[in-house]
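Below is one structure, written out as C-alpha cells; comments come after it.
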Amino acid sequence: CDFEHTITPLTSNDCSIYDQCARWWRALHAAMTMASSLVKSPTASNGKRRIMLWQRFWGAQLRFFKELQTALKVPAVVSRAKQALAQDQAVVIGLQSTGEAGLDTAMRDSGRRSGDTVPNLVSAAKISARNFVREFFPVAYEKDNDEPLDENYSDETLALVLQVDNKPKPDAKRIAQHSNFLQETNRRVAKKSSEEIAQLVALRDEAIAEMDKINVPPSPLDALIDAL
C-alpha cells in the first residue's frame, strides 16, 4: 500500500470563505471582550471565570478551522477517488474529524432524530460556532461570587463565622440576623445574575446571523457520501 502527500490548492471561493470566517472570529472576539467587561461585577473576583471563557473561545476557534480546512479538501479528495475508481482501484478515505457531534446537535435543534433526512447538507463547523456563541456569549450580569452563598449554615457554623477574637460569642439574635442577610443576598445575586442585557442579547444574535450568512462547506463525511 503506497501513501502520497499532496497539496490541495484553494480556489478563490475557498479563500474568500476562509477570510470571511477569520473576520467573523475576530469580530466575535472584540464583541465578547466588550460584553465580558459590561457584565463584570465590580466587587467580584472572577479572573478564573474569564480565563475559562477565553479558553473555551480559543478551543472553539481551533475546532472550527480544523473542520473548515478538512471540508475545503473534500472536492480534491473526491476527484482523486473518482480517478482511482475509474482505474478499478479500491479507495480508503480517513477523516480526522467527521463532525458527527455537530450534526447530532443540528438534528436535535431542528426537531429531527439521527438518521432522519434533511433537505440540505449541514456544516458541522458552522453549527459548532453557532452553539459556542449561543452558550458562552456573555449576556447576563455575573454573580458577585464564583459560588452561591450558602444559606443553610447551621447556628454553630454561623457562630464561628461571626466570632471575632477577644469579643463575646454572638448571641442567637445576631446569628439569625446574619442568616437572614445571607438568604436575602442570595436572592438578590440570583435575580441580578439572571438579568440579561438587551444590547448584548442583540449583539449575540447578530453574531449568529452573520455566521449563517457565510457559505461554510458541509461536513466532510456527508459531502463525501453525497459525492461518491
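FYI, side chains are in, hydrogens and waters are out, and symmetry mates aren't considered; it's all heavy atoms of this structure.
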Could you measure the distance from the [atom1] atom of [X] to the [atom2] atom of [Y]? Nearest 0.5 Å is fine.
X      : Y      : atom1 : atom2 : value
Leu10  : Lys73  : CG    : NZ    : 9.5 Å
Arg63  : Glu67  : CZ    : CD    : 8.0 Å
Leu221 : Thr70  : CG    : OG1   : 12.0 Å
Leu28  : Glu210 : CG    : CD    : 11.5 Å
Gln89  : Arg80  : CD    : CZ    : 10.0 Å
Arg23  : Ile214 : CZ    : CD1   : 8.5 Å

Shortest non-hydrogen contact between [X] and [Y], atoms and distance:
X      : Y      : answer
Ala125 : Phe64  : O-CD1, 3.1 Å
Ala81  : Val91  : O-CG2, 3.8 Å
Ala124 : Ser219 : N-OG, 2.9 Å
Pro138 : Leu200 : O-CD1, 3.6 Å
Pro218 : Ala71  : O-CB, 3.6 Å

Backbone N/O of [Y] and side chain of [X]: donor-acceptor pair under 3.5 Å:
X      : Y      : answer
Ser123 : Pro217 : yes
Lys126 : Asp212 : yes
Lys82  : Val77  : no
Thr33  : His29  : yes
Trp24  : Ala207 : yes

Students often mix this up, so state it plainly: with edges at 30° and 60°, are the rings of Phe57 and Trp54 parallel, tilted or perpendicular?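 If you compare the ring of Phe57 with that of Trp54, the planes turn out perpendicular.
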
Establish, from distance only, whether the side-chain atoms of Ser128 and Asn131 form a donor-acceptor pair under 3.5 Å.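 There is no such pair (donor and acceptor under 3.5 Å, judged by atom type) between the side chains of Ser128 and Asn131.
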
Could you go through the side chain to side chain contact (heavy atoms under 4.5 Å, CB included) check for Val201 and Ile197 one step at a time? CA-CA 6 Å; Val201 172; Ile197 304 173; over 6 Å; no

Same cluster for Val92 and Leu85 if Ile/Leu/Val/Met/Phe/Trp/Tyr side chains link at under 4.5 Å?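 Result: no, two separate clusters.
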
Is there a path of hydrophobic side-chain contacts, each under 4.5 Å between heavy atoms, that joins Trp25 and Leu62?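 Shared cluster, no.
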
Would you sort out whether Val216 and Met211 count as a side chain to side chain contact (heavy atoms under 4.5 Å, CB included), showing the intermediate values? CA-CA 9 Å; Val216 183; Met211 171 51 67; 4.0 Å; yes

Does Asp14 form a side-chain hydrogen bond (donor to acceptor under 3.5 Å, both in side chains) with Thr11? I'd like the steps, not just the answer. CA-CA 5 Å; Asp14 293 338; Thr11 66; 3.1 Å; yes

Gln20: which residues meet the side-chain hydrogen bond (donor to acceptor under 3.5 Å, both in side chains) condition with it, sequence neighbours left out?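 Expected list: Ser16.
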
Go through it in stages, so that I can follow the logic: the residues are Phe137 and Phe132, the test is ring pair (Phe, Tyr, Trp, His ring centres under 6.0 Å), and I'd like the CA-CA distance, side-chain angles, deciding distance and then a yes or no. CA-CA 8 Å; Phe137 194 100; Phe132 169 77; 9.0 Å; no

Is there a side-chain contact between Leu53 and Phe136 in this structure, where contact means two heavy atoms from C-beta onward sitting under 4.5 Å apart?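 With C-beta onward as the side chain, the pair touches.
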
Please walk me through it: do Leu72 and Thr8 pass side chain to side chain contact (heavy atoms under 4.5 Å, CB included)? CA-CA 9 Å; Leu72 290 175; Thr8 304; over 6 Å; no

